[in-house]
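First up is the structure itself, then whatever we jot down about it.
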Amino acid sequence: MRPFVARAIAAPLALALAVGCSMFARKIPQTHRYQLVTTPPQVAIPPDARIELRAVSGGAPYQDTGLAVQTSEYRIDSYRFHRWVAPPTDMVADRLRSIIYAPSSAGETPPDAPTAVLQAEVQAFQQVQTGSQSSGLVTIQTCLYPAGIFQRAFWCQTFSKSTAASAEGPEAATAAINSSLNEVLQQFASALPSAVSAMPKTVPQRASAAAMP
């Protein structure tokens, strides 16, 4: 092949590759990440018991950083380029710890106080899109168990809140989800004192044995 012919072929090919790469680069959208802004509510946990967090579970959309969006009663998808800074299960766990491990305004817990174990499940943490209307939905089930394995929960309650988004789009939806989570955490904190009071009282082994005929 003559040099000028090769140059004539190579020039358009290089131009096509450059245009193609430029178009491909422009098609990759920017990834946006969102964080929660919450204030831990104050709670007066009875000082005769301490609470430890065992785990926070949730379905697949809530164990991933993708912002979940519900578009029908049956369908939940996730945005690819709109993501949380951490999975919702992790973020909820952090907020629950900030509540139960904070000093109680009801007094200091003695070292020998019995332990109640908290387990939570994130059942909804998503944008709900209904036509042109958008809202942020958060639903969390919480249960308290006596310490130990194979224990039956002595208290369970589900807290839920839906907040209308102030505008369209994922960012407004995350703000609505944040508001819903704040309300759910407040509901949980308000119910916690009576929940802990329902903890079964353990009978000392010696006293139990002395009571036997």
Side-chain angles (χ1 to χ4, degrees), residues 36 38-66 68 70 73-74 76 78 84-126 137-162 177 180-213:
L36 295 173
T38 58
T39 301
Q42 297 296 319
V43 57
I45 301 175
D48 55 348
R50 61 167 42 88
I51 305 175
E52 293 182 358
L53 180 64
R54 174 179 292 166
V56 176
S57 60
Y62 317 124
Q63 299 182 45
D64 184 74
T65 58
Q70 179 179 346
E73 184 179 359
Y74 307 102
I76 297 180
S78 294
W84 296 107
V85 295
T89 49
D90 291 353
M91 295 191 293
V92 169
D94 288 341
R95 270 72 187 170
L96 292 178
R97 290 189 188 98
S98 68
I99 294 174
I100 64 176
Y101 294 150
S104 174
S105 60
E108 187 175 350
T109 303
D112 59 346
T115 299
V117 179
L118 173 65
Q119 186 158 327
E121 180 187 9
V122 178
Q123 298 180 340
F125 202 96
Q126 64 228 32
L137 174 64
V138 174
T139 303
I140 301 173
Q141 183 189 62
T142 56
C143 292
L144 286 175
Y145 299 79
I149 60 174
F150 306 120
Q151 297 289 332
R152 185 187 298 271
F154 62 85
W155 174 84
C156 281
Q157 191 166 342
T158 300
F159 305 99
S160 186
K161 175 66 175 178
S162 177
I177 292 171
S180 293
L181 178 61
N182 272 319
E183 176 62 28
V184 164
L185 293 176
Q186 184 61 60
Q187 294 174 13
F188 168 73
S190 299
L192 200 53
S194 60
V196 174
S197 298
M199 183 177 180
K201 305 302 179 182
T202 57
V203 179
Q205 188 173 0
R206 290 183 180 178
S208 178
M212 295 179 61

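- The shortest distance between side-chain heavy atoms of I140 and V56 does not fall below 4.5 Å.
- In this view, A102 satisfies the side-chain contact (heavy atoms from CB on, under 4.5 Å) rule with no residue, not counting sequence neighbours.
- The two residues V92 and F125 come nearest to each other via the heavy atoms CG2-CE1, 4.0 Å.
- Residues F159 and T139 form no side-chain contact, since every pair of their non-hydrogen atoms from C-beta on lies 4.5 Å or further apart.
- The main-chain N or O of E121 is never found under 3.5 Å from a side-chain atom of S57 such that the two would form a donor-acceptor pair.
- Relative ring orientation between W155 and F188 is described as tilted, the plane-to-plane angle lying within the 30° to 60° band.
- Nearest heavy atom pair, residue Q42 against residue A189, reads O-CB, 4.4 Å.
- Among all heavy-atom pairs drawn from V138 and V184, the shortest one is O-CG2, 3.7 Å.
- By the side-chain hydrogen bond (donor to acceptor under 3.5 Å, both in side chains) test, T38 is found to be paired with R95, residues two or more places apart in sequence or in another chain being considered.
- Rounded to the nearest 0.5 angstrom, R50 CZ and T115 OG1 are separated by 5.5 Å.
- Judged by distance alone, the side chains of Y62 and Q123 never bring a donor and an acceptor atom under 3.5 Å apart.
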Could you go through the side-chain contact (heavy atoms from CB on, under 4.5 Å) check for L192 and I51 one step at a time?
-> CA-CA 10 Å; L192 200 53; I51 305 175; 3.9 Å; yes
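- Taking every heavy atom of both residues into account, P41 and Q186 meet most closely at CB-OE1, 3.3 Å.
- Here the side chains of I177 and L137 are not in contact, with every heavy-atom distance at 4.5 Å or above.
- Cation-pi geometry between R54 and Y145 is met: the NZ or CZ atom falls under 6.0 Å from the ring centre, inside 45° of the normal.
- Rounding to the nearest 0.5 Å gives a distance of 10.5 Å between CD of Q119 and CG of L144.
- One finds the CD atom of Q187 at 11.5 Å from the CG atom of N182 (value rounded to the nearest 0.5 Å).
- Residues V85 and T65 have side chains not in contact (no heavy-atom distance under 4.5 Å, counting atoms from C-beta outward).
- Counting only heavy atoms from C-beta outward, the side chains of W84 and D64 never approach each other to under 4.5 Å.
- Across A147 and Q151, no two heavy atoms sit closer than the pair O-CG, 3.7 Å.
- Interatomic distance, E183 CD to S162 OG, rounded to the nearest 0.5 Å: 12.0 Å.
- Counting only distance, with no hydrogens or angles, the side chain of Q126 and the backbone of I76 share no donor-acceptor pair below 3.5 Å.
- Within the 3.5 Å criterion, the main-chain N or O of L53 finds a donor-acceptor partner in the side chain of Y101.
- At a threshold of 4.5 Å between non-hydrogen side-chain atoms, the residues P193 and P46 count as touching.
- How far CG of D90 is from CD of Q63: 9.0 Å, rounded to the nearest 0.5 Å.
- The minimum heavy-atom distance linking R152 with P146 is given by the pair O-CD, 3.3 Å.
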